[in-house]
Amino acid sequence: MASSVESEFRGARRRLIETLQDKGIKDLAILRAIDIVPRHLFVPPTVRHRAYEDSALPIGSGQTISQPFVHARAIEQLALTGQERVLEIGTGSAYQTALLAQLAAQVFSVERFAALLDRARLVLVEAQVRNVSLSLGDGTLGWREYAPYDAMIVSAGAPHVPPALESQLAEGGRLLIPLGDRDEQMLTLITRRGESFERRDIVPVRFVPLVGAGGWPS
Ligand code: SAH
């Protein structure tokens, strides 16, 4: 039985990849990562049948897993080569964490909800993802111990760039963060050039709020 369920999911995953290609995702490494990572393991059982739709889904604690297209578009901007140390803020379901783990050398991910992080830890083992370190806490402070990072990706919407994140970004490093108000943001790519930070608008997005010392008050 299990194998027919698996092959059904594999078929659905293939169709999702075609959908993403139709929507303009060209990066083969990212499409391959989406083909490898079993998204159905990362969503709650109640919405598992929808795991390969190109849509955001609830994951508990009032949070959501983003639409696969948004993950793909965002990760594309980081231009990962496989050598990078990546910091992710907002582990959530850990699906994006698992995608990043396929595309970079080491992923460090911070989540503020213990319930989500505990679940993330289990699912990453189940999906046999090993190059990820997880931390419970306020990601707006970054993760100083392993800085600097070649790339950072913030999965929640912020009113401004948390200063700790800029300071932990490597020279030439890229930081992707949704900036705006609580409801709507502009996904923004920030590149470090010495002590200055270049900014580029990517696409309007709607993320849950980034709550913490360098984000929104809870
Ligand atoms: N990439 C995740 C997105 C989850 S939603 C996924 O696709 O599943 C955003 C996540 O950011 C939530 O889990 C939320 O709890 C977390 N978050 C919000 N503010 C945070 C902060 N200051 N530090 C760490 N995590 C935070």
Side-chain angles (χ1 to χ4, degrees), residues 16 20 30 33-34 37-44 47-48 50-78 86-104 107-124 127 129 132-144 149 151-166 168 175-185 187 205-218:
L16 171 62
L20 296 176
I30 293 174
I34 291 170
V37 177
R39 193 173 187 252
H40 62 276
L41 296 183
F42 293 82
V43 302
V47 291
R48 193 150 290 165
R50 301 184 55 200
Y52 296 103
E53 287 176 18
D54 188 23
S55 51
L57 295 170
I59 55 170
S61 302
Q63 308 301 315
T64 51
I65 177 172
S66 300
Q67 180 189 1
F69 176 75
V70 171
H71 283 308
R73 217 352 134 247
I75 296 173
E76 237 176 20
Q77 306 302 323
L78 297 177
V86 179
L87 178 66
E88 177 189 51
I89 309 303
T91 316
S93 66
Y95 175 66
Q96 175 174 269
T97 320
L99 294 179
L100 292 168
Q102 297 288 335
L103 296 161
V107 181
F108 300 86
S109 186
V110 185
E111 169 59 52
R112 64 187 280 266
F113 281 116
L116 290 175
L117 201 71
D118 291 346
R119 166 92 192 104
R121 223 178 270 289
L122 293 175
V123 72
L124 288 170
V129 178
V132 170
S133 306
L134 299 175
S135 171
L136 180 67
D138 179 3
T140 66
L141 303 174
W143 191 342
R144 195 176 297 280
Y149 301 94
M152 293 184 186
I153 184 161
V154 181
S155 293
H160 52 76
V161 184
L165 297 189
E166 282 188 340
Q168 292 174 29
L175 159 60
L176 197 62
I177 181 168
L179 293 175
D181 58 35
R182 274 177 175 267
D183 299 317
E184 290 178 39
Q185 309 89 30
L187 190 63
V205 286
R206 308 184 84 151
F207 278 73
V208 298
L210 182 73
V211 176
W216 297 99
S218 54

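Every number for a ligand or one of its atoms is a count from 1 in the order of the listing. The figures here come from the full heavy-atom set of this structure, side chains too, leaving out hydrogens, waters and symmetry mates. Sequence positions, counted from 1, serve as the residue numbers for this chain. Remember, predicted model here, so these are calculated numbers, not experimental data.
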List the closest protein heavy-atom neighbour of [atom]: residue, atom name, distance to the nearest 0.1 Å.
atom	result
atom 23 (N) of ligand 1	Gly139 N, 2.8 Å
atom 25 (N) of ligand 1	Arg112 N, 3.4 Å
atom 1 (N) of ligand 1	Ser155 OG, 3.3 Å
atom 12 (C) of ligand 1	Gln63 OE1, 3.3 Å
atom 16 (C) of ligand 1	Glu111 OE1, 3.4 Å
atom 22 (N) of ligand 1	Val211 O, 2.7 Å
atom 5 (S) of ligand 1	Thr64 O, 3.2 Å
atom 11 (O) of ligand 1	Gly90 CA, 3.2 Å

Give a yes or no answer on whether the side chain of [X] reaches the backbone of [Y] with a donor-acceptor pair at less than 3.5 Å.
X	Y	value
Gln185	Asp181	yes
Arg119	Ser93	no
Asp138	Gly212	no
Arg39	Ala51	yes
Tyr149	Gln168	no

Using a strict 4.0 Å cut-off to heavy atoms of [X], name the atoms of ligand 1 that fall inside it.
X	result
Gly92	4 (C), 8 (O), 13 (O)
Gly137	23 (N), 24 (C)
Pro209	18 (C), 19 (N)
Ser66	7 (O)
Phe113	15 (O)
Val208	5 (S), 9 (C)
Leu116	13 (O)
His71	1 (N), 7 (O)

### Message
Going by side chain to side chain contact (heavy atoms under 4.5 Å, CB included), Ser109 matches just one of Thr91, Leu87, Leu117. Which one?
### Response
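With Ser109 as partner, side chain to side chain contact (heavy atoms under 4.5 Å, CB included) holds for just one option, Thr91.
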Polar atom proximity, [X] to ligand 1 (N or O, under 3.5 Å):
X	answer
Gly212	no
Ser93	yes
Glu88	no

From [X] atom [atom1] to [Y] atom [atom2], the distance as rounded to the nearest 0.5 Å:
X	Y	atom1	atom2	answer
Ile65	Leu57	CD1	CG	6.5 Å
Glu111	Leu136	CD	CG	8.0 Å
Leu124	Phe42	CG	CZ	5.5 Å

### Query
For Val132 and Ala101, which heavy atoms make the closest approach, and how far apart are they?
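Closest heavy-atom pair between Val132 and Ala101: CG2-CB, 3.8 Å.
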### Task
Of all the heavy-atom pairs spanning Trp216 and Gly157, show the shortest one and how long it is.
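Scanning both residues completely, I find the closest heavy atoms to be NE1-O, 3.2 Å.
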#### Entry: Leu210 and ligand 1 - part of the residue with a heavy-atom distance under 4.0 Å
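Looking at Leu210 and ligand 1, atoms from backbone and side chain both fall under 4.0 Å.
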#### Entry: Proximity flag Thr97 to ligand 1, non-hydrogen atoms under 4.0 Å
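Outside the 4.0 Å threshold, so no.
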#### Entry: Step-by-step side chain to side chain contact (heavy atoms under 4.5 Å, CB included) determination, Leu187 to Val70
CA-CA 10 Å; Leu187 190 63; Val70 171; 5.6 Å; no
### Query
Are Gln96 and Ser155 linked by a side-chain donor-acceptor pair shorter than 3.5 Å?
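Present: a donor and an acceptor within the cut-off.
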